[in-house]
Amino acid sequence: MSAVERIRIDRYEPTAIEPRWQQRWAELGLYDTDLADTTRPKFYLLTMYPYTSGNIHIGHWYAKTPTDAIARFHRMQGENVFFPIGFDSFGLPAENAAIKNKIHPREWTLNNIDNMRRQLRSMGTTFDWNSEVVTCDPTYYRWNQWIFLRFLEAGLAYRASSPVDWCPNDGTLAREQVEGADRHCWRCGARVEKRELDQWYLRTTKYADELLDFSGIEWPEPIRIMQTNWIGRSEGAEVVFTTARDAHQPGGDELRVFTTRPDTLYGATFMVMSPEHPLVSKLTHPDRAAEVEAYVTAAGRETEIERMSTEREKTGVFTGSYAINPVNEERIPIWIADYVLAGYGTGAIMAVPAHDERDFAFAQKFGLPIRRVIAGPEISYKDVAAPLEAAYVSHDSKDRMVNSGPHSGQPARDGFTSIVATLENQSRGKAAVNYRLRDWLISRQRYWGTPIPVIYCDADGIVPVPDDQLPVQLPETVDYAGRGENPLKTDTSFVDTTCPKCGGPARRETDTMDTFIDSSWYWFRYLSPADADAPVDRRIEARWCPVDQYTGGAEHAVMHLLYARFFTKAMADLGLVHEREPFKRLFNQGQILGADGERMSKSRGNVEDPDKLVSRYGADTVRLFLMFMGPWDQGGPWSPTGIGGISRFLHRVWTAALDPHGIEAGDPESGVLPAGQDSAAAEKALRAAAHRTLRVVSDEYAELRFNTMVAHLMELSNLLMRYRGTEAAGSAAWNEAVLLLLLMLAPAAPHITEELWARLAEARGEESGADAKSSIHSQPWPAVDDAAAAESEREVPVQVNGKLRDKVMVPVGIAESELERVVLARPKIVAALEGRVPLKVIHAGGKLVNVVVR
RNA sequence: GCCGACGUGGCGGAACUGGCAUACGCGCUCGACUCAAAAUCGAGUGGCCGUGAGGUCAUGCGGGUUCAACUCCCGCCGUCGGCACCA
């Protein structure tokens, strides 16, 4: 090949190629899914829709482009792939930007969406844009309202007054939106306080047990554990204590407690109520009223002041009242302390200081009695009365009950059931289950969200907005007086309305819904985004749900991913959908951190803008680089070091495909076959390598192991380059290897492969790029030729006492005795044996030989 | 504190059910091409000892099981994520 001829080969210039193909694919409608097509198996692939913050950053690329490779891979497998995208577009940032920049949240959001659409397209992703969903659009949020009304009818939505977490800036928060030991707001970081408010809830607890059941879905173990812990099911008993008659009050009130250790009931030496407990004022002795009142007031403020440490000293006050223990009629004092939570169990506990660390600390501080009622196997009868130095918290099967009246001596395990049975006989308690999970508080005092469709009428109370008046639209012009105040509240044109029942004057609810409502069912809406009659088209849903593969970050473990499961179950019970689980398979990609190892955020200034990388290297290089970085579920700090290696790889693919005969200057070896190989052997080696690569790469795509997939494609391209310029280059085997390489690379690097596919077709004199069928992305995934991939010889490592001493080439399928004979004759092995006689020879299925000597 | 993930060259990482530790890539060193540089191509690249063949140590640390351990078991240390007194 002359130098002149080589120069005529076009250079690989991604920025020239990529926009052209993106446009061509859109024109051909290559990725518009026909949901009615039943001739192929369906594959619903979902990636978490982005929040409309304005910019697509490298983290979005890390989440979306490997997911796109999954979509392309499944299409090549012959499946009908549905891969939609949309925008999570309600929420605080839009509102904050509006306040700051004096721009309407809608305008801010829609501008951002325009920019993000452009950026998403530049990735070369195959989203079906026809099914796009934008949650701040009335055509979407009217169905939030409609579903809410169905929940209301079914008793799954209700209004209640209770102490809620309140952020001074952002208003009420769901419990999972309060973070850290100091209880700060997940959005603004301000300290959260408790407020007693009337708010709307969804009855998530109704599904607590079903949500614990993960059978039939393939989710990562850590997420299942997190959800399980979050739901926090515990089995125990509810025990009814009765207040004792006293000078200041008649007694006889029931004080219910939940305990997981009914076997310790004889060890209850006092009781504790939460400061918010309804019986607090009734049970407080007049002499103690001032002290108790002060404590309760302080506790209300508690959460907003220092609460950094769980090691914090226990605090509390005595009410002056006593309760009767149902099993031994013992009279024990009732205290109030903030370590007992109002929202869990009954808001009151029986304190067993001998066997609970918290109760122990409290008893020590206030000098309350501590009585051992459970003894471990090492405790002798004599030691039972000895003072404890710490709470004995144990579930040892050898534990036995002591100081427990008729139950003394019984194994503690049996005590659980026998005490519950005793209580049940006397109607003073029963077996009970408690959950840590609470109902979902959805009211938000914000403008930029879905208005809750109810009306308050003085005559008729809470009146749902009739379906035919939906959507309740957000007013267009609003006055942003300032932060923390919902502008809907002061907008009389919105608030003032008439009662749908009596026609009298009435007020609209001004709270809007938590934005997690939007993402709790959006994948259903993708299937029929324009349907004006129903939120979900049940016929399409029946065919396409559940989502086959969902990808997104693990940070949504106990919020979005739990809410989505709840919604699906609730909607199924309402007959709106068929499936009870939303996402069959879930994969959590890791998180890309800033170069400083911290979470990427605008405030830290460590956000990586992919646009300049794309303009320098091209989208294909950025896609491959992100896949090559490491296992997809791992993420890690961002560093562009090494992206040049990916760029070089794609240049080599380009060269191998278009210029098989070139010889690199300065390389004395190039153009020469490896020693001992003729061109037939070289061609055989090429085919074998290509088909073996195909075998592993197919698995790696299916298992989402993109980093090793890229590595294996690099190995194949390195091999091709080794044979470039030799007699084998340009042979049938070479061409086959090149085409296989392009097909295997196509899902990951769609533009360069499409370009080379088209050029090679043209070189063969075929039409290319004219229709959807000729695209590389419409080709079937190739089949492995097992005969070509098979190897005739194998290199077997040989060890002596587990240490590598030699390697031998032997025919595949060699008999063990023959292999042993060959091995023992090897000079290196003879030397290593030093005359010793082998005790044993391990063959390890022909993969390795280990000669064991003493 | 409880729950979970992870710890391998200078760096990102590979080794799937115990079987050649360090694939692939980055970086670095040397060489070719060049007046020179960039780009590209080639060779080398875990530590230590040795001119060499080779030996020896090494997958966070300490033990153990095994012919054989990055992989399994026990006990520590460290990093990251989740939970936050849930009775």
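Residue numbering restarts at 1 for every chain, and letters A, B, ... go by the order of the sequence lines. Keep in mind that the numbers below use all heavy atoms, side chains included, and drop hydrogens, waters and symmetry copies.
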Given Watson-Crick and G-U pairs under 3.5 Å, RNA chain B in dot-bracket ([ ] crossing, | other strand) is (((((((..(((......[....)))((((((.......))))))((((....))))..(((((..]....))))))))))))....
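Between A:F366 and A:F362, the two ring planes are tilted [angle within 30° to 60°]. Taking the six-membered ring where the residue is Trp, A:Y563 and A:F516 present tilted rings, their angle falling between 30° and 60°.
Comparing B:G19, B:C20, B:U56 by their nearest atom to the side chain of A:P797 picks out B:C20. Among the nucleotides B:A84, B:G19, B:A15, the one closest to the side chain of A:W230 is B:A84. Of the candidates B:C24, B:A87, B:G19, the closest approach to any side-chain atom of A:A844 belongs to B:G19. Checked against B:A15, B:A23, B:G19, the side chain of A:L848 finds its nearest nucleotide in B:G19. You'll find that the side chain of A:V852 is closest to B:C67, out of B:A87, B:C67, B:A23. The side chain of A:D338 approaches B:C85 more closely than any other nucleotide in the set B:G25, B:A87, B:C85. Checking B:A87, B:C41, B:G82 against the side-chain heavy atoms of A:D356 singles out B:A87 as nearest.
Taking atom CZ on A:R436 and atom C1' on B:C2, their separation rounds to 11 Å, with Å as the unit. To the nearest angstrom, P of B:C16 lies 13 Å from CG of A:D699. Taking atom CZ of residue A:F628 and atom P of nucleotide B:G13, one finds them 11 Å apart after rounding to whole Å. A:L719 has its CG atom 15 Å from the C1' atom of B:A23, to the nearest Å. Regarding A:N801, its CG atom lies at a distance of 8 Å from the P atom of B:A68, rounded to whole Å. Rounded to a whole Å, the CZ atom of A:F649 is 15 Å from the P atom of B:U40.
In this structure, A:D359 reaches neither bases nor backbone, as no heavy-atom distance under 4.0 Å exists between it and the strands shown. Note on A:R652: only backbone sugar-phosphate atoms sit closer than 4.0 angstrom, heavy atoms only; bases stay farther off. Within 4.0 Å (heavy atoms only), A:E555 reaches no atom of the nucleic acid at all. At the heavy-atom level, A:S639 lies nowhere under 4.0 Å from the strands shown. Within the 4.0 angstrom heavy-atom criterion, only backbone atoms of the sugar-phosphate kind lie near A:N707; the bases stay farther away. Residue contacts shown for A:V257 are absent, as no nucleic acid heavy atom lies under 4.0 Å away. At the heavy-atom level, A:I225 lies under 4.0 Å from the strands shown only through sugar-phosphate atoms.
Side chains of A:E820 and A:V849 form no contact here, defined as non-hydrogen atoms less than 4.5 Å apart. Annotation: side chain of A:M273 is not in contact with side chain of A:V340 (no heavy-atom distance under 4.5 Å). When side chains are defined from C-beta on, A:T205 does not count as touching A:Y435, because their heavy atoms never get closer than 4.5 Å. A 4.5 Å side-chain heavy-atom check between A:I332 and A:F241 finds at least one atom pair inside the cut-off.
A salt bridge is defined here as a Lys NZ or Arg NE, NH1 or NH2 lying under 4.0 Å from an Asp or Glu carboxylate O, and A:E254 with A:R256 meets this definition. Salt bridge A:R724/A:D659: present, at least one basic N to carboxylate O contact under 4.0 Å.
For the pair A:P631 and A:R261, both in contact range of RNA chain B, the more 5′-proximal nearest nucleotide belongs to A:P631. Across the interface with RNA chain B, nearest-nucleotide mapping of A:G347 and A:E700 shows A:E700 to be the residue nearer the 5′ end.
Residue A:T641 has no polar side-chain atom (N or O) positioned under 4.0 Å from OP1 or OP2 of B:G27. Phosphate contact (OP1/OP2 of B:G13, side-chain N/O of A:Q634, threshold under 4.0 Å): present. In terms of phosphate contacts, A:R805 brings a side-chain nitrogen or oxygen within less than 4.0 Å of OP1 or OP2 of B:U56. Side-chain nitrogen and oxygen atoms of A:K803 include at least one within less than 4.0 Å of the OP1 or OP2 phosphate oxygen of B:C57. At the phosphate of B:U66, neither OP1 nor OP2 sits under 4.0 Å from any side-chain N or O atom of A:N850. When the side-chain nitrogen and oxygen atoms of A:R648 are compared with OP1 and OP2 of B:G27, one or more of them lie within a distance under 4.0 Å.
For the residue pair A:Y392/A:D356, the side-chain donor-acceptor check at 3.5 Å is not satisfied.
Interface remark: the A:K807 side chain does form a donor-acceptor pair with the B:C20 base, using a distance-only criterion of under 3.5 Å. The base of B:C85 lies close enough to the side chain of A:K314 for a donor and an acceptor atom to sit less than 3.5 Å apart.
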